[in-house]
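Just so you know, these numbers use all the heavy atoms, side chains as well, and skip hydrogens, waters and symmetry mates.
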Amino acid sequence: MSANSKTTSRTRLERREQEILRAATELFASTGFHTTSTRRIAEAAGVSEGTVFHYFGSKHDLMLAILDRFYTERLSRNAEAILNDVMGTRERLRALALNHVQELAADRALMMRLIQVYIGVDLLYVHGDEEALAQDSPIRALNRTYVGYFDRILREGVARGEIRGDLELPPCRDLFFGGLEYGMRTYLYRHRGTADAAIRDYVEELVEPVWRYLQPADAAEATAEGPDALVRRLERVTRRLEQLAEG
């Protein structure tokens, strides 16, 4: 087989896989995971049911493939870019929040619905044992990797003196991501088809109370007391960074 033939064959296989994923995504979101059959997915993708199983061993594996791509290629990849390109803690949180909302809002919150649907399946799935509670299931691993970027923003913010050092990460995650997802559902319900600029403004409003909660007590003092207090705060941050570097 020539190189061109191999390339054409690979492209055809990849296109077929994408069609299966697209059909499954739309059907899972519109009719539900349990009520969607692999036969219906095959019909929507224009392939045989056997082809679906050739690419994906089970319906569960197909759902996981959809979410894996979403988490890995969109959420986590973009979060990594944000941490590399944006330095300020407040700006990082805003950028992460905006990316999270925009990605989930795509296709009228399609991926959020899929995640919610999948959680119900995932909680009771461990290597085919539907009676066992999944303590380390694939979706949890994907989510753990993604929220790790939020954790890193907070840890580095603490080191800079921009974030309180007495915070527990789990409730901060819930406050941040939970507020975004609930707020996004409310926003999309009220403003269908609204431009990105308006979503950006709404995200700012959602993030601001979280940012205030994360602030160290001396941040407000620095603002109220003027430049001398700000200098003292910067000196404390410098000492903290020096200690971290020595450690």
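- Note that the CD1 atom of Ile163 and the CG atom of Leu214 stand 4.5 Å from one another [nearest 0.5 Å].
- Looking at heavy atoms from C-beta onward, Leu96 lies out of side-chain contact with Leu83 at the 4.5 angstrom threshold.
- When all heavy atoms of Pro216 and Arg164 are compared, the pair lying nearest together is CA-CG, 3.3 Å.
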Per-pair distances, 0.1 Å, donor-acceptor, side chain in residues 37-46, under 3.5 Å, sequence neighbours excluded:
residue, atom, partner, partner atom, Å
Ser37, OG, Arg40, N, 3.1
Thr38, OG1, Glu49, OE2, 2.5

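- Linking Ile, Leu, Val, Met, Phe, Trp and Tyr whenever their side-chain heavy atoms come within less than 4.5 Å puts Val207 and Ile199 in one cluster.
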As a quick check of understanding, evaluate side chain to side chain contact (heavy atoms under 4.5 Å, CB included) for Phe28 and Thr35, giving each step before the final call.
CA-CA 8 Å; Phe28 287 158; Thr35 57; over 6 Å; no

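- Separating the CG atom in Leu154 from the OG1 atom in Thr89 is a distance of 8.0 Å, to the nearest 0.5 Å.
- Taking all atoms of both residues into account, the shortest heavy-atom contact from Lys59 to His34 is NZ-O, 3.6 Å.
- Of the inter-residue distances, the one linking Phe150 atom CZ with Ile82 atom CD1 reads 13.0 Å to the nearest 0.5 angstrom.
- Among residues two or more places apart in sequence or in another chain, the salt bridge (charged side-chain N to carboxylate O under 4.0 Å, His left out) test is passed with Arg212 by Glu208.
- Taking each heavy atom of Tyr202 and Gly183 in turn, the nearest pair found is CE2-O, 3.3 Å.
- Taking Thr72 as the reference, Asp68, Leu142 meet the side-chain contact (heavy atoms from CB on, under 4.5 Å) condition, with sequence neighbours excluded.
- For Arg69, the side-chain contact (heavy atoms from CB on, under 4.5 Å) partners two or more places apart in sequence, or in a different chain, are Glu17, Gln18, Leu21, Glu73.
- Between Ala24 and Leu62 the shortest heavy-atom distance is CB-CD2, 3.5 Å.
- Under the 4.0 Å criterion applied to side-chain N and carboxylate O atoms, Arg22 and Glu19 are assigned as salt-bridge partners.
- The side chain to side chain donor-acceptor pair (under 3.5 Å) search around Arg152 returns Glu156, not counting sequence neighbours.
- Every side chain to side chain donor-acceptor pair (under 3.5 Å) that Asn99 has, sequence neighbours left out, goes to Asn78.
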Enumerate donor-acceptor pairs with a distance under 3.5 Å from any side-chain N or O in residues 167-180 to protein atoms, sequence neighbours excluded.
residue, atom, partner, partner atom, Å
Arg173, NE, Asp151, OD1, 2.8
Arg173, NE, Asp151, OD2, 3.2
Arg173, NH2, Asp151, OD2, 2.9

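- The two residues Arg94 and Val203 have their closest heavy-atom pair at O-CG1, 4.4 Å.
- In the hydrophobic cluster analysis, where Ile, Leu, Val, Met, Phe, Trp and Tyr join through side-chain heavy atoms closer than 4.5 angstrom, Leu67 is grouped together with Tyr55.
- Nearest heavy-atom pair, Pro209 versus Leu206, reported as atom, atom and distance to 0.1 Å: CD-O, 3.4 Å.
- When the side-chain contact (heavy atoms from CB on, under 4.5 Å) test is applied to Asn143, the partners found at least two apart in sequence or on another chain are Tyr71, Val147.
- Contact of the Leu93 side chain with the Val210 side chain is not registered, since no non-hydrogen atoms from C-beta on lie closer than 4.5 Å.
- Remark: Asp85 engages no residue in a salt bridge (charged side-chain N to carboxylate O under 4.0 Å, His left out) (not counting sequence neighbours).
- Thr51 places no side-chain N or O within 3.5 Å of a backbone atom of Val47 that could act as its donor or acceptor partner.
- A distance below 6.0 Å separates the ring centres of His100 and Tyr146.
- Partners of Ser76 under the side chain to side chain donor-acceptor pair (under 3.5 Å) rule, at least two apart in sequence or in another chain, do not exist in this structure.
- Arg92 places a side-chain N or O within donor-acceptor distance of the main-chain N or O of Val86, the cut-off being under 3.5 Å.
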